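Note on naming: letters A, B, ... go to the chains in the order of the sequence lines (proteins, then strands), and numbering restarts at 1 for each one. Worth saying up front: this structure is predicted, and the values here are computed from it rather than measured.
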Amino acid sequence: MDILIVEDDTFIAELYERELSSQNLSSKIAKDGEVAQKMLSEEKPRLVLLDIMLPKASGIDVLKFMKNDNNLKNIPVIVLSNLGQDDIVTQAMELGANSYMIKSNFVPQEVVKEVKNFLK
Amino acid sequence: MVTTVSSQRIASYAREVEKYTYIIIAYGLILITLLAGLGFRFENQIALYIVSAAAALYTFLYHHFVYIRKPTPTAAIIDAVAYTSFIFVLNQITGGLDSLLFFLYFLPIISTRLNLGPNVPIFITFLSLFFVLIEAVLASHIKLGPEGLNFGFNNAQTLNFGSKILALTIFGIYTRSLAVEFSFEWELRKELEKVNQELKETQKAKDEFLFIATHALRSPVVALRGGLSLLAKGTLGKVAPSQKHFIDEISEAGERLSSLVDDLVNVTTLEHPTFALKKETFKIKVLVEEVLKDFNAFFKEKKVELTANLTEHTVLADRKMIINVIYNLIDNAIKFTPSGGKVLVETSEEDGKLIVSVGDTGVGVAESDTPKLFRKFGKAGNVLTSENQSGIGLGLYACKLIMEKHGERIWAESILGGGSKFSFSLEMA
């Protein structure tokens with residue numbers, strides 16, 4: 001698995017999955033924060049696309065979980081959220097996110113372009 | 001407004017208190033004089049006059065200078081302490097510890113209990129007990145006799161009728177003031193609680209709106225724009241040319257919707273009471289050039305000529321917010337300037353401020369309409385009929401909010417059909 005997409009909206013997750021696939025990048029989808037943590041423990045992706053507002057455990061929780069795990073802490077994380085409040089952006093970046101994108105401002109092609117930048 | 005009504009009511013109550021204070025003191029003094037004329041004998045008559053005058057003066061000064069202007073808890077504590085001291089002095093002058101006057105000690109305790117919570121009345125109670133103790137000690141050890149200015153260390157039996165009348169008159173005033181103060185405090189507190197509750201509810205509604213605007217409104221936009229972009233690109237299968245046109249049109253609408261949601265989110269964030277600027281110093285030229293880079297393709301596409309005359313000034317402002325302002329102004333300039341037109345972005349120094357201006361040769365607005373541009377949902381007459389605009393009149397309003405937060409100005413100069421020039425000032429570092 002190249003990319004783990006942590007996104008609770010199935011349709012949006014599928015859009016990213018299709019665009020990644022068209023660029024020959026394999027991906028899996030985690031629909032909530034807990035599933036994401038479980039999947040991360042089982043298989044290490046090359047990059048994580050992470051939403052913030054998620055059921056069960058938030059994207060911030062997932063980010064903390066990753067940064068506390070030596071095996072996962074170096075995986076690049078692109079936060080992809082519709083929350084643009086400064087405090088949330090700052091919190092995510094301080095916790096070690098590599099990029100923060102406001103979901104509605106980028107189409108899947110632009111998101112995948114950013115993904116490829118990190119995978120270079 | 002609720003607060004204004006409350007202030008007016010308090011002022012009117014305060015005036016009433018003062019009026020009654022004077023009337024009661026005047027009648028009290030007349031009564032004492034009459035009683036004296038009828039043969040009643042007062043002990044310590046001069047002292048009584050002095051204390052009653054002092055109490056009257058105090059009441060006047062307190063209400064006029066302290067309570068009416070600023071009814072703070074400290075003022076109320078000082079008041080309670082002062083009155084407790086008055087009671088002590090009066091008890092002494094009117095014949096020492098007396099069962100009838102002793103209850104007066106309870107007035108400041110009750111007053112502070114009702115107005116200031118549990119701690120202050122405990123303090124006042126101890127102060128009263130201290131005075132009572134002194135009175136008891138003085139009453140049992142010192143006897144200077146009933147005549148003259150002897151501070152009246154007499155026992156209760158020697159307390160005469162006139163002294164009681166005067167003491168009760170003075171404290172009648174106090175009781176009256178207390179009653180009015182209670183009603184002030186209660187009314188004020190009730191209204192403050194109501195206003196606070198309303199503020200909290202407004203705040204909550206705004207927070208909820210911000211959340212809905214950012215999340216609930218943006219999510220469908222993501223699905224719409226994302227889905228269409230994959231369709232247009234052919235990732236989901238081949239698209240017929242007849243379908244492509246529709247997909248492009250819907251994609252454009254999706255982008256406009258996304259920008260509208262962003263405008264709403266921006267304004268809601270700026271209007272939020274917790275919003276604070278993050279000021280830093282930066283070169284204005286670098287920042288403007290950064291924004292212009294994003295617009296290069298649009299200038300070319302629309303065949304609008306861009307000229308930038310930028311100075312090397314360093315300014316102190318919230319960088320991200322100033323990017324928003326410049327972005328909005330340039331976006332509008334392109335939007336309202338027809339092909340072949342020109343846009344000029346320049347910076348200059350004026351009266352110790354840095355002025356950033358974005359001028360265009362676009363449609364312009366009537367001079368009388370320029371103030372409308374900065375209003376919430378505000379638009380000028382001819383802009384309403386322009387084909388080029390898709391906003392809802394929040395962009396310039398957001399710019400105005402940003403500049404106001406900086407304590408700076410933003411303004412427009414425009415000629416109908418002759419272009420516009422939008423300028424704002426910045427603090428130089």
Does any heavy atom of chain B fall under 4.5 Å from the side chain of A:E7, the backbone, both, or neither of them?
neither
If only atom types and distance count, is the side chain of A:Q109 paired as donor or acceptor with the main-chain N or O of B:S229 below 3.5 Å?
yes
Considering residues, nucleotides and ligands other than B:F246, do more than 12 of their heavy atoms fall under 6.0 Å from its CZ?
no
Looking at chain A, which one of B:T235, B:L230, B:L224 has the largest number of heavy-atom pairs inside 4.5 Å, strictly under?
B:L230
Start with the C-alpha gap between B:V261 and A:S104, add the side-chain angles, then the distance that decides, and say whether side-chain contact (heavy atoms from CB on, under 4.5 Å) holds.
CA-CA 9 Å; B:V261 172; A:S104 62; 5.7 Å; no
Separation between CD (A:E110) and CZ (B:R225), nearest 0.5 Å, reads 6.5 Å
Between A:D9 and B:S219, a side-chain donor and acceptor under 3.5 Å
no
Less than 4.5 Å to any heavy atom of chain B: does that hold for the side chain of A:Y16, its backbone, both, or neither?
side chain
Report yes if some heavy atom in the side chain of A:F11 is under 4.5 Å from a heavy atom in the side chain of B:V222; otherwise report no.
no
For B:S258 against A:N105, the heavy-atom pair lying closest together
OG-OD1, 3.8 Å
How about NZ on B:K405, more than 12 heavy atoms from neighbouring residues, nucleotides or ligands closer than 6.0 Å, or not?
yes
Need one label for A:I12: side chain, backbone, both or neither, based on atoms under 4.5 Å from any heavy atom in chain B.
side chain
Under the criterion side-chain contact (heavy atoms from CB on, under 4.5 Å), I'd like the reasoning laid out for B:R218 against A:I102: C-alpha separation, chi angles, the key distance, then a yes or no.
CA-CA 9 Å; B:R218 273 174 169 167; A:I102 303 289; 3.6 Å; yes
